[in-house]
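What you see is a predicted model; the values in this text were computed from it and never measured. For this chain, numbers begin at 1 and follow the sequence in order.
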Amino acid sequence: MEVPLYQGFVLAVTIMREAIDEFRRFQRDKEVNSQLYSKLTVRGKVQVKSSDIQVGDLIIVEKDQRIPSDMVFLRTSEKAGSCFIRTDQLDGETDWKLKVAVSCTQRLPALGDLFSINAYVYAQKPQLDIHSFEGTFTREDSDPPIHESLSIENTLWASTVVASGTIIGVVIYTGKETRSVMNTSNPKNKVGLLDLELNQLTKALFLALVALSVVMVTLQGFSGPWYRSLFRFLLLFSYIIPISLRVNLDMGKAAYGWMIMKDENIPGTVVRTSTIPEELGRLVYLLTDKTGTLTRNEMVFKRLHLGTVSYGTDTMDEIQNQLMNSYSQTQSQASGNNASSTLPRKAQSSAPKVRKSVSSRVNEAVKAVALCHNVTPVYEARGAAGETEFAEADQDFSDDNRTYQASSPDEVALVQWTESVGLTLVNRDLTSMQLRTPSGQILTYCILQTFPFTSESKRMGVIVRDESTAEITFYMKGADVAMSTVVQYNDWLEEECGNMAREGLRTLVVAKRALTDEQYQDFENRYNQAKLSIHDRTLKVAAVVESLEREMELLCLTGVEDQLQTDVRPTLEMLRNAGLKIWMLTGDKLETATCIAKSSHLVSRTQDTHVFRPVTSRGEAHLELNAFRRKHDCALVISGDSLEVCLKYYEHEFVELACQCPAVVCCRCGPTQKAHIVKLLQQHTGRRTCAIGDGGNDVSMIQAADCGIGIEGKEGRQASLAADFSVSQFKHIGRLLVVHGRSSYKRSAALSQFVMHRGLIISTMQAVFSSVFYFASVPLYQGFLMVGYATVYTMFPVFSLVLDQDVKPEMAMLYPELYKDLTKGRSLSCKTFLVWVLISIYQGGILMFGALVLFESEFVHVVAISFTALVLTELLMVALTVRTWHWLMAVAELLSLGCYVASLAFLNQYFDVPFIMTVTFVWKVSAITVVSCLPLYVLKYLKRKLSPPSYSKLSS
């Protein structure tokens, strides 16, 4: 009876643990589904839960609220008819995106008029791509009907957050059809490598059980109803199968999880999946996101270089002084005579050979940085709307109330820097910009044209007219590769860009060109013509703009730093020493990714990087792979599109080459592509992978990896909720893997082998006993003895192996190389398993034979002697296995021994109690125990002396 009962207990423990995990997930889902939103109906606003929103509903979303489903943007409270949204949960980028309302609905006088028009929206069928959308908006009740084409800028995808104003949208996709859900893969049930290995060993043990039973029946001579004997033997030897292993391991895993969460060195760490803590000790590939994981996504302006002079963080006050001087001079000149102030300037621009003073060059450079961008200053409305116009105008320019919004954090950093040195951007709309000088004067510039940044051109430009002097200037800034061909000849740009990149700064080159009215008019005509052409529009427009980008005057080079998370460098260094190969998968630009890879020491300073050229066809991929094959020990940098092409035609070759690299950087990766890379590594290498991320775009990768770690960061909590482990900072990962992962794996390996040993030793004794007594299928130990053996007498000491550690955590952190050994899986392998099997057979044989040789007249004595010796042997074996003693281990050993001695009084149906009290019993038990354990102690001592394991060399 005891076996089914015990199995029931085992299953109950496992089911309970899974149920608790599942219930927590259910609660997290419920929290998201029950958020309230305002829905616009004919009768006014009503509150609806996000789970009740349907296609066609008009939903109002306030500032800082998450958008519940995919919508088309109908109108906004902002006057410009546009709003900003934060998309970090969708694509991992923390810059704000500008979205434009459908002009037909934005023009309606009031909100309620949405119900007075007859219109419909056509949307394409749900798709994966988050960067594209095709649809139309048609209003039928006007004459003629209005058709508006809808593109990606009119959509608001679910999981993004409104950053400015209040918006109204019409729902087009909900639930599983939204872009964000289509981009997340279904989570798989993760099973640790240790569990898989134990399953294999359990299968081997099952075969041994069947074989042993068949042998016994054969030796019996198949007499009588032999199949009945076969089943009796199968039951007798069933202890070979370690049923209690599941309970022990599950409790062990729970204990490791508790230890991880209680570790004061890594506060805020949460274990969300309690089934795989040992995986942390077996990792080979570490795939990490960049933005927000390695970097903080906080940009800081670090350097301004003018060719002859360079300003760093400590010399910014000089720039401030020079600006003060130059603006106070121009002001005094301007007050003297307006006409005379414009003349010298004109002369200067036509004769660039005259060397300008440093102060005027600084002034020009700062002005260019303050004008050439797409940043909008935003002011929070403080008072109620009912206040007077005067109060509104009064609060407009107060500095502490202004925030900057832009599509990239670099731009914001540049504008914040010009504010810090005295030139402040105070206002901007579609046609004009206002700057405030250090002396408080307002300069107004009219924006004539803007050329936005694209990943092809790698630069952005703006043409402005100074309202006071009517001068027209074309400012441009961009990456050094794009700008070096556009600016006048110089001898310093390339070198300085290289120097800044090595410091891990993102560089931008700023240049300008003065235009006369005639030049601009000519340009504008050609530009507008190009914009109207139907064929090759983009090419023609680019050609017109390029006609301006010639012989530009180089003003300055700026360096902005994306600050790394604390201790990223030492952590990456430690993980590399621990034998992990680190891949960085990011949605960012190639230049930025390479820059961060170098500054975070993902790629060490001495290493070369091979930038994989963009490829589009099979032939190009073949040539580029061959070029890469010739390089040795260099890091690979590849973009998502090229990666797709390589994987399409040369999957095996590419993965093989990439796996040999010390580090790999993949830039411009989409969420599904990240997950695809993880799966590729798992298939091709068979090694364990770990993914680390902090945004919604990393969820697929985290769920695909063998072990997913989420970081609670600026990009929200989506990644940390979907992950198996969630940490508060990147630097905690080092300790999580090197200390906790390593010890969890070593402890579980020791624990599981010991539990197997416990079943094998008693089965060996049963086998010897049956052989001696003419292969009778009679149990050696009855009823409670067997249950007690597996539970009360040996469970606590065996389970206390969960507290064992071979080296102190400080040592493990200091020598991460110890982690490398684990990936070979030597703590639990066929070799160690066979060693334990041999030990079990030896000890079982000695205990049984000893008891049979030494017993005198009564069979009861055999049971008493052998069982007592068995319990003592188990307790001594635990002591032999332990590497570092913990006070709880000693308590467990003594407690078990106490329990056994106390229970002897009640076991009179199994034992001859008066015989136990005699001296003969004590010396016989001691003799057998010594014979079974002493040789193993001797062997262990010799092994430690002759071939000590790596950790013992450190701890001695």
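Pairs of residues two or more places apart, or lying in two chains, that qualify as salt bridge (Lys or Arg N to Asp or Glu O under 4.0 Å) and include a residue from residues 140-167 are R139-D141.
Using cut-offs of 30° and 60° for the angle between ring planes, the F301 and W417 rings count as parallel.
The closest side-chain donor-acceptor pair between T87 and K97 falls under 3.5 angstrom. Between the side chains of E712 and S728, not a single donor N or O lies within less than 3.5 Å of an accepting N or O.
Between T160 and W157 the shortest heavy-atom distance is OG1-O, 2.6 Å. What you find for M460 and H373 is that their closest heavy atoms are SD-CA, 3.7 Å. Closest approach of C595 to R506, counting heavy atoms only: SG-N, 4.3 Å. Considering all non-hydrogen atoms of both residues, D562 and E298 come closest at OD1-N, 3.6 Å. Contact between V162 and I85 at its shortest, heavy atoms only, is CA-CG2, 4.2 Å. When every heavy atom of F115 is checked against every heavy atom of L40, the shortest pair comes out as CZ-O, 3.5 Å.
Looking at K540, its side chain never comes within 3.5 Å of a backbone N or O of Q529 through a donor-acceptor pair. Of the possible polar contacts, none joining the K674 side chain to the C669 backbone as a donor-acceptor pair under 3.5 Å is found. In this structure, the side chain of N363 does not engage the main chain of L323 through any donor-acceptor pair within 3.5 Å. Side chain of S50 to backbone of V32: a donor-acceptor contact under 3.5 angstrom is found. Between the side chain of N33 and the main chain of K30, no donor-acceptor pair closer than 3.5 Å is present. Between the side chain of S38 and the backbone N or O of K45 there is no donor-acceptor pair closer than 3.5 Å. A distance-only check finds no donor-acceptor pair linking the side chain of E134 to the backbone of Q124 [under 3.5 Å]. Using modelled atom types, no side-chain atom of D57 and backbone atom of I59 make a donor-acceptor pair closer than 3.5 Å. In this structure, T293 contributes its side chain and K290 its backbone to no donor-acceptor pair below 3.5 Å. One N or O on the side chain of R28 and one on the backbone of L721 form a donor-acceptor pair closer than 3.5 Å.
The ring of Y527 has its center no closer than 6.0 angstrom to the ring center of Y520.
The side-chain heavy atoms of Y379 and V426, taken from C-beta on, include a pair separated by under 4.5 Å. Side-chain contact between V161 and I67 is absent, with no heavy-atom pair separated by less than 4.5 Å. For the pair Y445/E471, no side-chain contact is recorded, criterion being any heavy-atom separation below 4.5 Å from C-beta on. A heavy-atom distance below 4.5 Å is not found between the side chains of Y37 and I60. With a 4.5 Å cut-off on side-chain heavy atoms, V369 and V366 do not count as touching. Using a 4.5 Å cut-off on side-chain heavy atoms (C-beta onward), T558 and T507 make no contact. At a threshold of 4.5 Å between non-hydrogen side-chain atoms, the residues V61 and M71 count as touching. Residues Q35 and P68 have side chains not in contact (no heavy-atom distance under 4.5 Å, counting atoms from C-beta outward).
One finds the CG atom of L156 at 11.5 Å from the CD1 atom of I168 (value rounded to the nearest 0.5 Å). Here the CG-OG distance, from L443 to S468, works out to 6.5 Å after rounding to the nearest 0.5 Å. Between the SG atom in C556 and the NZ atom in K477 there is a gap of 10.0 Å [rounded to 0.5 Å]. Distance check, rounded to the nearest 0.5 Å: SG of C104 to CG of L74 gives 9.5 Å. Taking OG1 from T291 and CG from D694, the interatomic distance works out to 8.0 Å, rounded to the nearest 0.5 Å. For the atom pair CG (L515) and CG (L548), the distance works out to 6.0 Å, reported to the nearest 0.5 Å.
R402 has a carboxylate O that lies under 4.0 Å from a charged side-chain N of E419, or vice versa, which qualifies the two as a salt bridge. The existence of a salt bridge linking R107 and D113 is excluded, since no basic side-chain nitrogen approaches an acidic carboxylate oxygen closer than 4.0 Å. A salt bridge does not link E561 with R296: none of the charged nitrogens is closer than 4.0 Å to a carboxylate oxygen.
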*Assess whether side chain to side chain contact (heavy atoms under 4.5 Å, CB included) is satisfied between F73 and V170, documenting all intermediate values.*
CA-CA 7 Å; F73 185 12; V170 58; over 6 Å; no
*asked:* I'd like to know whether F730 forms a side chain to side chain contact (heavy atoms under 4.5 Å, CB included) with I692, so could you lay out the CA-CA distance, the side-chain angles of the two residues, the decisive distance to 0.1 Å, and finally the verdict.
replied: CA-CA 9 Å; F730 184 81; I692 304 171; 4.2 Å; yes
